[in-house]
Amino acid sequence: MVKKKRNIGIDLLKIIACILVITLHSLPPEDLMVANNVFNLSLYYVGTLAIPVFFMARKLSNLLCK
């Protein structure tokens with residue numbers, strides 16, 4: 001049986017995307033603490049980009065490991 005070679009960079013990207021998705025769910029944009037803070041608001045919007053990034057990285061990982 002041949003072992004599949006994993007790409008550590010893609011795995012790291014998926015881990016970061018998962019953390020950003022958790023951050024997205026924990027920061028409601030209508031909360032005043034989020035709306036009035038530029039860092040929290042930018043973290044929220046980066047979290048929204050993490051969802052498609054995770055799915056693209058997962059598919060790329062599946063294609064490269066075949």
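Because the structure is a prediction, the values reported are computed rather than measured.
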Nearest 0.5 angstrom please: Ser42 OG to Leu27 CG, how far?
10.0 Å

Which residues pass the side-chain hydrogen bond (donor to acceptor under 3.5 Å, both in side chains) test with Asp31, not counting sequence neighbours?
none

Interatomic distance, OG@Ser26 vs CG@Leu43, rounded to 0.5 Å, equals 8.0 Å

Cluster overlap Ile19 with Phe54, hydrophobic side-chain contacts below 4.5 Å
no

Verify the cluster assignment for Tyr44 and Val46: are they in a single hydrophobic cluster under the rule of side-chain heavy atoms below 4.5 Å apart?
yes

CG of Leu12 to CG of Asn7: how many Å apart, nearest 0.5 Å?
10.0 Å

If I take atom CG from residue Leu13 and atom CE from residue Met56, how far apart are they, to the nearest 0.5 angstrom?
8.5 Å

Selection residues 14-23 - residue pairs positive for salt bridge (charged side-chain N to carboxylate O under 4.0 Å, His left out), sequence neighbours left out
Asp11-Lys14

May I ask whether Leu41 and Phe39 are part of the same hydrophobic cluster, defined by side-chain heavy atoms of I, L, V, M, F, W, Y residues being less than 4.5 angstrom apart, directly or through others?
yes

Distance in Å, Thr23 OG1 paired with Ile16 CD1, rounded so as to fall on 0.5 Å steps
11.5 Å

Results of side chain to side chain contact (heavy atoms under 4.5 Å, CB included) for Ile51 - residues two or more places apart only:
Val21, Leu24, Phe55

Closest contact, heavy atoms only, Ala50 versus Leu20:
CB-CB, 3.6 Å

